[in-house]
Amino acid sequence: MANRKHGRLHHLVQILLYPLTWLEERSGLVGGVKYFLFRKVPSDISWGHTLGSAALTAFIVQAVTGVILAMYYKPDPNSAYESIRHITDDVTLGWLVRGMHRWGASVFIILLFLHMGRVFLYGAYKYPRELNWIVGVLILVLGMMEGFFGYLLPWDQTAYWATVVGVNLQATGPFVGPFLGDILRGGAEIGPDTLARFYSLHMLVLPGALIGLIVLHLYLVVRLGVTSPPWSPGAAGKERPGPPPPKRAGLVEPKPRGARLR
Ligand code: HEM
């Protein structure tokens with residue numbers, strides 16, 4: 001009797017898991033996600049190490065709320081402000097989605113700085129994670145550009161004049177300054193062309209580039225592993241105790257800095 005019950009339960013579990021088994025057999029994706037979520041990390045990591053994932057969560061919130069806003073927003077000087085007013089006052093929960101996107105932008109940047117501070121204070125940018133630090137710096141620059149280009153979109157007085165100041169600042173730079181100013185404005189003055197290109201950069205180009213860089217960043221985190229705090233015997237820049245990590249096949253054989261190349 002117990003055996004039959006167990007057999008039925010096993011059968012039910014197999015039916016429920018069938019879509020995942022189907023996907024795993026054809027792509028290996030399920031195994032990949034499992035590897036990412038259940039990979040080993042040092043035992044002495046702490047809350048500071050959650051800041052990267054917090055930044056990722058803030059980015060996902062920005063992406064989701066941004067897609068919803070883009071369904072109602074109109075990137076044209078005659079209707080941009082009115083479409084924002086419509087989102088805030090008429091669309092169901094529009095005020096919430098807009099508020100989350102507006103405040104979430106600051107939360108994202110603050111989390112980026114906190115995460116970067118943790119990495120800096122723990123020396124986690126040292127060999128072999130320099131490349132991931134560089135990728136992080138690019139993410140930070142593009143993240144701040146997102147804020148700059150998004151600020152103009154409501155097309156109200158604050159947005160307009162803040163952009164005038166921002167663009168003029170770029171335009172006063174030496175040599176490339178005036179050229180950069182023209183590119184940003186899409187002409188000699190801020191107008192419909194400026195709004196269209198800021199919109200395109202804000203919701204297409206920069207998010208696309210950011211997604212690519214974040215995927216690369218996370219790949220490097222998984223490949224290189226997470227560092228222990230500086231007070232740990234296995235901290236960044238020190239040799240980890242225990243057997244050396246397995247060698248990876250490749251064109252070159254990486255060596256710790258200072259090691260002699262044969
Ligand atoms: C969207 C932005 C970002 C996301 C989603 C992100 C995500 C993560 C995650 C999940 C980790 C592993 C756990 C942790 O240390 O928190 C990590 C580690 C790391 N991040 Fe970021 N990060 C971002 C931005 C940055 C920035 C701006 C920098 C520096 C300029 C940076 C540099 C690093 C480095 C060097 C590591 C390795 C740390 C270690 O091994 O202990 N990241 N990142």
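Counting convention: from 1, in listed order, for ligands and their atoms alike. Side-chain atoms are counted along with the backbone in the values below, which use heavy atoms only and exclude waters and symmetry mates.
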Test side-chain contact (heavy atoms from CB on, under 4.5 Å) on Arg85 and Asp90 and set out the steps.
CA-CA 8 Å; Arg85 200 210 51 74; Asp90 309 331; 3.5 Å; yes

May I have the step-by-step check of side-chain hydrogen bond (donor to acceptor under 3.5 Å, both in side chains) for Thr194 and Arg185, ending in yes or no?
CA-CA 5 Å; Thr194 323; Arg185 281 186 297 258; over 6 Å; no

Can you check side-chain contact (heavy atoms from CB on, under 4.5 Å) on Ser228 and Ile45, steps first, answer last?
CA-CA 6 Å; Ser228 289; Ile45 57 172; 5.5 Å; no

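Taking the six-membered ring for Trp and thresholds of 30 and 60 degrees, Tyr199 and Tyr73 have ring planes inclined between 30 and 60 degrees apart. Note: Phe120 and Trp133 have tilted aromatic rings, judged against thresholds of 30 and 60 degrees for the angle between ring planes. In this pair, Phe148 and Phe198 present their aromatic rings tilted. The plane angle is within the 30 to 60° band.
Proximity of Leu213 to ligand 1 is not established, as no heavy-atom distance is less than 4.0 Å. At least one heavy atom of Trp133 sits under 4.0 Å from some atom of ligand 1.
Closest to atom 35 (C) of ligand 1, if we only count protein heavy atoms, is Val119 CG1, 3.4 Å. Remark: minimum distance from atom 11 (C) of ligand 1 to any protein heavy atom is reached at Val221 CG2, 3.7 Å. For atom 28 (C) of ligand 1, the nearest non-hydrogen atom of the protein is Gly136 CA, 3.4 Å. Looking at atom 9 (C) of ligand 1, its nearest protein heavy atom turns out to be Gly52 CA, 3.7 Å.
Note: an N/O pair closer than 3.5 Å links Thr227 and ligand 1 by distance alone. Among the atoms of Ile214, none of the N or O lies under 3.5 angstrom from an N or O of ligand 1. The N/O atoms of Arg129, backbone and side chain alike, include one that comes under 3.5 Å of an N/O atom in ligand 1.
Placement of Val141 and Leu204 within a single hydrophobic cluster is found when ILVMFWY residues are connected by side-chain heavy-atom separations under 4.5 Å, directly or transitively. Transitive grouping of hydrophobic side chains (ILVMFWY, heavy atoms separated by less than 4.5 Å) keeps Val30 and Phe36 in distinct clusters.
Annotation for ligand 1: atoms under 4.0 Å from non-hydrogen atoms of Met116 are 29 (C), 30 (C). Remark: ligand 1 atoms within the under-4.0 Å shell around heavy atoms of Ala124 are 35 (C), 38 (C), 39 (C), 41 (O). Distances below 4.0 Å separate heavy atoms of Ile139 from the following atoms of ligand 1: 1 (C), 2 (C). The contact set between ligand 1 and Val226, taken as ligand atoms under 4.0 Å from a residue heavy atom, comprises 40 (O), 41 (O). Near Phe108, the atoms of ligand 1 lying under 4.0 angstrom from a non-hydrogen atom of the residue are 1 (C). Here is the list of ligand 1 atoms found below 4.0 Å of a heavy atom in Ser53: 10 (C). The atoms of ligand 1 that sit less than 4.0 Å from any heavy atom of Gly225 are 40 (O).
In Leu224, neither the side chain nor the backbone holds a heavy atom less than 4.0 Å from any atom of ligand 1. Contacts between Val137 and ligand 1 below 4.0 angstrom, taking non-hydrogen atoms only, involve backbone and side chain alike.
For atom 38 (C) of ligand 1, the nearest non-hydrogen atom from the set His49, Arg118, Glu130 belongs to Arg118. Counting only non-hydrogen atoms, the option in Leu112, Leu56, Leu51 that gets closest to atom 3 (C) of ligand 1 is Leu112.
Taking every heavy atom of both residues into account, Leu213 and Val135 meet most closely at O-CG1, 3.6 Å.
At distances below 3.5 Å, not a single donor-acceptor pair connects side-chain atoms of Gln62 with backbone N or O atoms of Phe108. Put simply, the side chain of Thr227 never gets that close to the backbone of Ala236: no donor and acceptor are under 3.5 Å apart.
Relative to the ring axis of Tyr127, Arg129 does not place its NZ or CZ within 45° and under 6.0 Å from the centre. A cation-pi arrangement is found for Arg118 relative to Tyr122, the charged atom lying closer than 6.0 Å to the ring centre and inside a 45° cone about the ring normal.
For His217 atom NE2 and His115 atom NE2, the angle they make at atom 21 (Fe) of ligand 1 is roughly 180°, to 10 degrees.
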